[in-house]
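The block underneath contains the structure these notes are about, expressed in structure tokens.
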Amino acid sequence: MKNQEIANIFYEIADFLEMERVAFRPQAYKKAALTLEAMEKDVADVYKEGGRAALENIPGVGKGISERIEEYLRTGKIKYLEQLKKKTPVNIEEMIKVEGLGPKKVKVLFEKLGVRNLNDLEKAARAHKVAPLFGFGEKTEKNILEGIEFLKRSKGRFLLGEILPMVSEIKEKLEKLTEVERVDYCGSIRRMKETIGDVDFLVISKNPEKVMDFFVSLPGVVKVWGKGKTKASVRVKDGYDMDIRVVPERVYGSAFQYFTGSKEHNIVTRKIAIDKGLKLSEYGLFRGSRTVVGKTEEEIYKALGMVCPPPEIRENQGEIEAALRQAQGKPNGLPKLVELDDVKGDLHTHSDWNGGKNSIEEMAKAAQNMGYEYIGIADHTKFLRIEKGLNEKQLEQRNKEIEKLNSRFQIQNSRFRILKGCEANIMNDGSIDIKDEALAKLDYVIAGVHSNFKMEKDKMTERMMRAMKSPHVDVISHPTGRLIKKRDEYQIDMEKIFRVAKETGTILEINAHPERLDLNDQNVRRAKDLGVKMIINTDSHHKDQLRFMKFGVAQARRGWAEKEDIINTQPLEKLLRCFKN
Ligand code: DGT
Ligand code: CA
Ligand code: CA
């Protein structure tokens, strides 16, 4: 699927154009990139079926942009980008990853200091050459160095939400191969970890060599790290590595257990085996040289005196003890983790009343197609100008629109409902950017921090606590503000936040956007233990993004959350009772 590749190029073009201070066109490229990213259908298929005309039917794609898409699909590159790069030879993608650094600042750094990449930038900042530049200053220089440190820490890992759509195509290709009986993800992908180091596949086949040949010659493979009779390892052009392992059916369970990991989990399971006089490896569970079991994971765990724990929690964080207890019929066994099917609606979605792409009606239809009972529209409020946040009056008008649509559902005898919400802004002092009277008219209120992320810990904690104490604020969106691989969490005392959430009955969000996944797994676990209620929302700005729900559910599962911990697993009546007054 070429959608993401082309979207990435468009983002880069937009950045270059922004750097050159070109008006409007950067926005056009970004818009097209967003659409391509969210599109379910492969743009190559769209083109194949209907040519340029079909491309131009994609929202946000006009004549110029469809030409670029065609060029990429035909030649694998876009000359325009190469010209832009030649004109200003900087690694813009790399540099704007530094929090607080945009294309315009990158241009200044290039022109005044000759900075072309992250390395140059770090040197210049360390030599204190950045602070004196107009528009920069001491604080920016410090932030740049902190930002570079952060990037170094997250290097070499990829977002699950980016990797999964790309590798699911490869998985499908493997599945279609006649020699292949079964394919599974292993490693961190199977455990649905928020970031992935490399992709691991496990295959059952009687003809491993055929599978190896196929694997190393997949389109997109740029390097073969190794190729044996039953294992291979490659790098693909998007920069990540993939491992494959082929085993016969009779040892599949042990290989599956071993390669799913985590390493920490495996170390303990292997030790349990040793204590029982057994030996556990990827080839089976042995007593001496005799295989005890090996075909399924369940058999392996059972032989170890355990119940098979769900992959998401195999991190040696207490799941082994719980699995042992459960098998012995003792209390405090494994949690019954929340499932995607339990989710009855999504309450953090944006419509075209603010910065979103789709109308309320389109969002509602998409939610119905997901099998939901309700959707909540949580448009931004007025402080957030870039997202076209709504003021009191506009919010009122939007409410009317929702009521109109709801009465239509009633006429059709449909139980589906659209809820009136908003995502308000928590100001520096913890107040909310829109009047209480306006909030009182809504079914629920989400509030979040969208500005001044760099406050001192005490102040940020106070800010958030004051918001939670508001009788109108029901949910706190993306509570720690992190963007994976982009921006650290803000300084905040989560223990205090959990306590006040519990006291005030404020619900904390697990934001399902692949870049946020905020609360993270550890915070979910802590919130659950303290009895704080949570909600899983996608923060969709486009109807196709409702599909991010699965990543939020995975994060909730990694944090041991059960159905009762998550309020949007409840039917409408019960859900509404979770909100303050
Ligand atoms: P990643 O790739 O960094 O996101 O994380 P994983 O968990 O996918 O790690 P990876 O790809 O290095 O290895 C896949 C699985 O293989 C891992 O989860 C457990 C198993 N494994 C790898 N190396 C070791 C090891 O040294 N000891 C044990 N016990 N298991 C290992
Ligand atoms: Ca891996
Ligand atoms: Ca691996």
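Numbering of ligands and ligand atoms starts at 1, following listing order.
Exactly one of Glu122, Met95, Lys123 qualifies for a side-chain contact (heavy atoms from CB on, under 4.5 Å) with Val115. That residue is Met95. Checked options Lys528, Lys533, Arg557, Lys336; the residue passing with Glu562 is Lys528 (criterion: salt bridge (charged side-chain N to carboxylate O under 4.0 Å, His left out)). Between Glu194 and the options Arg516, Lys485, Arg482, a salt bridge (charged side-chain N to carboxylate O under 4.0 Å, His left out) holds for only Arg482.
Crowding of Lys231 atom NZ: a count of heavy atoms from other residues, nucleotides or ligands under 6.0 Å not exceeding 12. Residue Glu249 qualifies as open at atom CD: its count of foreign heavy atoms under 6.0 Å is 12 or below. For Arg250, the CZ atom is loosely surrounded, since the number of other residues' heavy atoms within 6.0 Å does not exceed 12.
Judged by a 6.0 Å distance limit and a 45° cone about the ring axis, Arg182 is positioned over the six-membered ring of Phe256.
Taking the six-membered ring for Trp, Tyr11 and Tyr29 have ring centres at least 6.0 Å apart.
Ligand 1 has no N or O atom lying under 3.5 Å from any N or O atom of Ser262, backbone or side chain. Checking only distances, Thr195 never comes within under 3.5 Å of ligand 1, N or O to N or O. Geometrically, ligand 1 and Asp243 share no nitrogen or oxygen pair separated by less than 3.5 Å. Inclusion of Gly187 in the set of residues having an N or O under 3.5 Å from an N or O of ligand 1 is not warranted.
Nearest protein heavy-atom contact of atom 15 (C) of ligand 1 is Phe259 O, 3.2 Å. Protein heavy atom at the shortest distance from atom 26 (O) of ligand 1 is Lys263 CE, 3.4 Å. Protein heavy atom closest to atom 7 (O) of ligand 1, with residue, atom name and distance, is Arg191 NH1, 2.9 Å. Nearest protein heavy-atom neighbour of atom 22 (C) of ligand 1: Tyr258 OH, 4.3 Å.
In summary, Asp241 places no N/O/S atom under 3.0 Å from the Ca ion (ligand 3), failing the contact criterion.
Atom 18 (O) of ligand 1 is flagged as protein-proximal [any protein heavy atom, distance under 4.0 Å]. Per-atom contact check: atom 12 (O) of ligand 1 does not touch the protein, criterion being a heavy-atom distance below 4.0 Å.
Using a 4.0 Å cutoff on heavy atoms, Lys193 does not count as a contact of ligand 1. Residue contacts with ligand 1: Val199 is excluded, as none of its non-hydrogen atoms falls under 4.0 Å. Residue His265 places no heavy atom under 4.0 Å from ligand 1.
Around the Ca ion (ligand 3), the angle linking Asp198 (OD1) with Asp200 (OD1) is 90°, rounded to 10 degrees.
The backbone N or O of Glu339 sits less than 3.5 Å from a side-chain atom of Asp342, completing a donor-acceptor pair. Listed for the Ser254 side chain is no donor-acceptor partner under 3.5 Å among the backbone atoms of Leu285.
Within the listing of ligand 1, atoms 1 (P), 2 (O), 3 (O), 4 (O) sit less than 4.0 angstrom from a heavy atom of Gly197. Within ligand 1, the atoms closer than 4.0 Å to a non-hydrogen atom of Arg270 are 27 (N), 28 (C), 29 (N), numbered from 1 in the order shown. Taking every heavy atom of Thr260 and a limit of under 4.0 angstrom, the matching atoms of ligand 1 come to 18 (O). Within ligand 1, the atoms closer than 4.0 Å to a non-hydrogen atom of Arg157 are 1 (P), 3 (O), 4 (O), numbered from 1 in the order shown. Near Asp200, the atoms of ligand 1 lying under 4.0 angstrom from a non-hydrogen atom of the residue are 8 (O), 11 (O), 14 (C). Contact atoms of ligand 1 toward Ile196: 4 (O) (distance under 4.0 Å to a heavy atom of the residue).
Using a 4.0 Å cut-off between charged side-chain N and carboxylate O, Arg126 and Glu149 make a salt bridge.
Of all N/O/S atoms in Asp243, OD2 sits nearest the Ca ion (ligand 3).
Counting heavy atoms from C-beta on, the side chains of Ile320 and Arg314 never come closer than 4.5 Å.
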